[in-house]
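What you are looking at is a predicted structure, and each value in this text was computed from that prediction instead of being measured. Hydrogens, waters and symmetry mates are skipped; everything else that's a heavy atom, side chains included, is used.
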Amino acid sequence: MSVQDVKFYQTGTFTVGNRLLLETERAVQANMRRTNSLNSGHRACQGCGEALGARYAIDAAMYATGNRVMAANATGCLEVFSTPYPETSWQIPWIHSLFGNAAAVASGMAAAMRVKGRKDVRVIAQGGDGGTTDIGFGCLSGMFERNDDVLYICYDNEAYMNTGVQRSSATPPAARTATTMAVGKHPGNVFGTGKNVPLIAMAHHIPFVATASVANLHDLEDKVTRAMAIEGARYIHIHVPCPLGWGSAPADTIKVARMAVESGLFPVFEAEYGEITARQTIRRRVPVEEYLKLQRRFAHLFGKTPDLVTIAHIQATADRNIRVFGLAP
Amino acid sequence: MLKQIEGSQAIAQAIALCRPEVICAYPITPQTHIVEGLGEMVKDGSLENCEFINVESEFAALSVAIGSSAAGARSYTATASQGILYMAEAVYNAAGLGLPIVMTIGNRAIGAPINIWNDHSDSMALRDAGWIQLYAETNQEAADLHIQAFRLAEELSCPVMVCVDGFILTHAYERIDIPTQKQVDDYLPPFVPVQILDVDDPVSMGAMVGPEAFMEVRYLQHHKQQRALALIPALAKEFRERFGRDSGGLLRTYHCEDAETIIVALGSVNGTIKEAVDEMRAAGKRVGSLSICSFRPFPLDEVRDALRRARRVVVLEKSLAVGIGGMLSEGVRNALSGISLKGHTVIAGLGGRAITQKALVDLLDSAARGELAHLNFLDLRWDVVKREINREQAVRRTGPLAENILRDLGTVADRIG
Ligand SMILES: Cc1ncc(C[n+]2csc(CCOP(=O)(O)OP(=O)(O)O)c2C)c(N)n1
Ligand code: SF4
Ligand SMILES: [Mg+2]
C-alpha cells in the first residue's frame with residue numbers, strides 16, 4: 001500500500017488546512033452548502049484570480065445571508081466571461097448595466113429593497129479596478145457618502161484586462177501594459193501616479209473597508225462574512241492576479257498573490273469608520289524582486305542588466321507600505 | 001381639483017399620485033422644481049413608501065433608477081439639457097434592458113455656448129435611444145402625460161420620457177386640474193414587472209449578446225414602440241373617460257381638414273401656433289396646424305392622414321440637426337413618402353429665442369406666396385451672423401465666437417426697450 005504525505009499547510013503558507021479546524025470554522029468553500037454562485041463552465045482564463053476571488057466572495061456572502069444576495073456587475077472580464085448567454089454562470093439575481101455605474105445600480109436595488117421592506121435581501125456591487133477606481137469612481141463615491149446599504153467588491157487585477165490590458169489608475173509603477181509600453185527611457189507605467197481607493201473609501205468614514213487577497217481565501221471569506229453583517233456602505237478591495245495580463249503562469253496565481261502581500265506591495269488591512277482596525281502582518285518577508293520576476297509585465301526590469309534603480313524604487317514603495325500600514329510582525 | 005399652480009408643482013403632484021417608489025434627484029435648471037416638490041412630499045410624509053435619493057450626477061440618477069426598476073420598484077427621475085447628455089449611456093441602457101422608468105425632460109438648449117433657456121436639442125439628441133418620447137403642449141397635459149406615462153411604460157416594459165418645455169411650461173403658473181388619488185389609482189394599477197431581480201427566482205439581466213441575437217433584441221425594441229402606436233391613443237381615450245379631458249394621444253390636428261398650409265410642431269409652441277391659425281382663419285386664409293405629442297414612436301400613418309390633403313407643410317423645429325436641418329422634418333418627410341407637396345423646415349426658438357404670433361403669421365403667409373425657402377431660421381439676425389463671417393474672413397485669430405457676438409451686441413440692457 002502506498003503512503004501519502006498528509007499536508008496540514010498549503011505549500012509555502014501558514015494557512016491551516018480545513019481538516020485541522022472545527023467544522024464551524026472551516027471555509028465556506030469547504031462546506032457542502034456552498035452555493036457555487038459563480039458556477040463552473042464560465043470562460044475565464046486558466047488561473048484567473050478574479051474568477052477565484054468572485055466565487056469565494058459571493059459564496060461567502062450567500063452563506064452569511066441565507067442565500068439572500070443580489071448583485072450589480074460592472075462591465076469587465078468578470079461580466080464578460082460569466083455571461084455569454086445562454087450560459088450564465090450566476091446562480092444569484094444579477095444585473096449588468098454599464099461599465100461605470102455598478103455602484104449606482106446597486107444603490108437603486110438597495111433602495112427598492114428598503115422601500116419594499118425586504119431587509120433580508122442584501123445587495124452587492126462588483127467590478128474590476130478600471131470599473132471601480134477610474135470610470136466608476138464618481139458613482140462609487142456617491143454610494144459611499146450616502147452610506148447606501150451596498151457591499152462594493154473591487155477585483156483589482158491592476159489593469160483594464162477585458163479590453164486587452166491597458167493601464168488603469170491601479171496599475172503599479174513600471175508595469176508594462178498595452179498603454180504603458182516597455183519601451184523608451186522609462187519603460188512601463190510611470191512612478192508617482194495612481195491612487196489608493198481603499199484609503200479613499202476610508203475617507204468617506206463608511207462602516208467597513210478591507211483589502212484582501214486570493215492568497216488568503218479564508219481571510220477573504222471572513223471579511224465578506226463580517227461585511228454582510230454590517231448595514232451601510234462597505235468596500236472590499238481584492239487583489240486578483242491575472243495570468244494573461246501579468247504574464248504569470250496560471251498555476252502561480254496564488255503564489256503571485258501571496259508574494260504581493262509578503263513583499264509589502266499589497267497591504268492587507270481593514271478599517272471601520274475611517275480608522276484602521278486590523279492588518280495582516282508579514283511573517284516571512286520577500287524582496288519585491290521575487291514577486292516581480294514571476295511576471296512578464298516586469299520582464300524589462302531584469303534581462304541581462306537588471307534595472308536595479310527601478311527595482312530599488314519599487315522596494316522602497318514596499319518598505320514604505322510596511323512602515324505606514326504597520327505590517328512588520 | 002383646480003389649482004392655480006406652477007407647472008413643475010403640478011407635474012410633481014401628478015407624479016406623487018402615481019405612487020413612485022424611488023425618485024432620483026440631481027439639480028439642473030429648469031427641471032429642479034419638479035424633484036424639489038417631490039422631495040418635500042417624501043420628507044413631510046405626504047408621499048409615503050418612496051425613497052428620495054440625492055445622487056451625485058445625472059449618470060447616477062438614471063443608473064440608480066435602473067437598479068431600482070430592475071428590482072421591481074416604480075422609478076422616476078428628471079433632467080434637462082447637459083444632464084441628459086451626461087446620462088446618455090444609461091438612457092440607451094435603460095431602454096435596452098426594457099425597464100419602465102419614467103423621466104421628465106425640462107427641455108433646454110445644449111451648450112456650448114451654455115444657455116439655460118428652452119429648446120428641444122436635449123431630448124432630440126436622445127430621440128433614438130429606445131425611449132418613448134411624449135411632448136406636452138400645456139401644463140395640464142404635462143401633468144396628465146405623466147400619469148399616462150407610468151401606465152404606458154409598465155404595460156410595454158419600456159421607458160418613457162415626458163418632454164416639457166423649460167420655463168415656458170415648467171415655470172408658468174396656470175390653473176390646473178389635479179386629479180384625485182382614487183382617479184389615478186383606478187387608472188394606474190400597481191407595477192407588476194415582466195422581469196425582476198428576485199432572490200427566490202434568480203435571473204441574469206444585461207448579459208453579453210453577440211451577432212446571433214442582437215438584431216432580434218433591437219428589433220423587439222422597435223416592435224414595442226409599434227405596439228405603443230395603438231396603446232398611446234387607447235390610454236388617452238381611457239384617460240378622457242376617467243378624467244374628463246383630452247390629454248396625450250399620438251397627435252392633434254387643428255383646422256387641418258381644408259387647410260392648404262399646415263404647420264407641424266412639438267410641444268408648447270402649438271399654443272402660439274393655434275393663435276396664429278385663428279388669426280389667419282379670421283382673415284379667410286386656409287391654414288391649419290398639427291401638434292405631435294408622440295415623437296417616438298413617430299405616428300407615420302396618422303401624420304400622413306393629417307397632411308395629405310394640404311398643398312404645403314411647414315415644420316417648425318426647436319432643434320437644429322446641424323448639417324441637415326431638422327429631425328421632425330425627417331419624420332414628416334418619411335410620413336409623406338410618395339405624396340408630392342411642398343415641404344419647409346423652419347428652425348425656431350433656439351436657446352429661448354421668442355417665437356411670436358406675428359412671426360408665425362408672416363411665415364405662413366410667405367409659405368403661401370411660395371417665397372419660403374426649404375430651410376429657414378426664424379428671426380435669425382443675419383446682420384450679426386454676417387458680421388462674424390466677415391470677421392472670420394478678415395483675420396485668422398478671431399477669438400471665441402460667442403463672445404465676439406455678445407461684444408458686438410453690447411450689454412443686454414442696451415437691447416431691451
Ligand atoms: C463607457 C465605456 N468605456 C469603455 C468600455 C470598454 N471596456 C469594457 S471592459 C473594460 C475594461 C475593464 O477593466 P476592469 O474594470 O479593470 O475589469 P477587468 O476586465 O480588468 O476585470 C473597458 C475599458 C465600456 N464598456 N464602456
Ligand atoms: S484576462 Fe485576466 S482577468 Fe480576464 S479572464 Fe483572463 S485571467 Fe481573468
Ligand atoms: Mg482590471
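Interface remark: A60(B) contributes backbone and side-chain atoms alike to the contact with chain A (heavy atom separation under 4.5 Å). Using a 4.5 Å cut-off between heavy atoms, N73(A) does not touch chain B at all. Heavy-atom distances place no part of A61(B) under 4.5 Å from chain A, backbone and side chain included. Interface residue E79(A): only side-chain heavy atoms are found under 4.5 Å from chain B. Residue contact with chain B, scored on non-hydrogen atoms closer than 4.5 Å, involves the side chain of R146(A) exclusively. When heavy atoms are compared at a cutoff of 4.5 Å, V69(A) approaches chain B solely by way of its backbone atoms N, CA, C and O. Heavy-atom distances place the backbone of D198(B), and not its side chain, under 4.5 Å from chain A. Of the two parts of C50(B), only the backbone, made up of N, CA, C and O, holds a non-hydrogen atom closer than 4.5 Å to a non-hydrogen atom of chain A. Heavy atoms closer than 4.5 Å to chain B are found in both the backbone and the side chain of A111(A). For S204(B), the parts sitting under 4.5 Å from any heavy atom of chain A are the backbone and the side chain alike. Neither the backbone nor the side chain of V209(B) comes within less than 4.5 Å of any heavy atom of chain A.
Between N49(B) and V115(A), the closest heavy-atom pair is O-CG2, 3.1 Å. Scanning both residues, M109(A) and A71(B), for their nearest heavy atoms gives CA-CB, 4.1 Å. Of all the heavy atoms in V64(B) and S107(A), the pair that sits closest is CG2-CB, 4.1 Å. In this structure, V22(B) and A112(A) approach most closely via the heavy-atom pair CG2-N, 4.2 Å.
From T88(A), atom OG1 reaches atom CE of M205(B) across 12.5 Å, with rounding to the nearest 0.5 Å. Between the CE atom of M113(A) and the CG atom of L197(B) there is a distance of 7.5 Å, given to the nearest 0.5 Å. The CD1 atom of I53(B) lies 12.5 Å from the CE atom of M143(A); values are rounded to the nearest 0.5 Å. Note that CG of L98(A) and CE of M87(B) are 12.0 Å apart. Values are rounded to the nearest 0.5 Å.
Within 6.0 Å of CD on E212(B) lie more than 12 heavy atoms contributed by other residues, nucleotides or ligands. The environment of CD in Q181(B) is crowded: more than 12 heavy-atom neighbours from other residues, nucleotides or ligands sit within 6.0 Å. Within a 6.0 Å sphere centred on CD of E87(A), heavy atoms belonging to other residues, nucleotides or ligands number more than 12. Other residues, nucleotides and ligands contribute more than 12 heavy atoms inside 6.0 Å of the CZ atom of F99(A). No more than 12 heavy-atom neighbours from other residues, nucleotides or ligands sit within 6.0 angstrom of NZ on K119(A). Residue L220(B) qualifies as enclosed at atom CG: its count of foreign heavy atoms under 6.0 Å is above 12. Other residues, nucleotides and ligands contribute over 12 non-hydrogen atoms within 6.0 Å of the CD atom of Q221(B).
Under the 4.5 Å side-chain criterion, counting only non-hydrogen atoms from C-beta, P202(B) is not in contact with W90(A). You'll find the side chain of N101(A) stays beyond 4.5 Å of the side chain of E89(B), heavy atoms only. Between T65(A) and V199(B), the closest side-chain pair of non-hydrogen atoms is not below 4.5 Å.
Options A73(B), A207(B), G72(B), S63(B) differ in how many heavy-atom pairs under 4.5 Å they form with chain A, and the most are formed by S63(B). The choice from I196(B), D201(B), L62(B), D200(B) that makes the most heavy-atom pairs within less than 4.5 Å of chain A is D200(B). Listed options H96(A), R118(A), E145(A) were ranked by heavy-atom pairs under 4.5 angstrom with chain B; first place goes to H96(A).
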Checking E21(B) against K116(A) for the side chain to side chain contact (heavy atoms under 4.5 Å, CB included) test, could you report, in this order, the C-alpha distance in whole Å, the side-chain angles of both residues, the deciding distance, and whether it holds? CA-CA 9 Å; E21(B) 293 172 296; K116(A) 289 179 183 298; 3.2 Å; yes
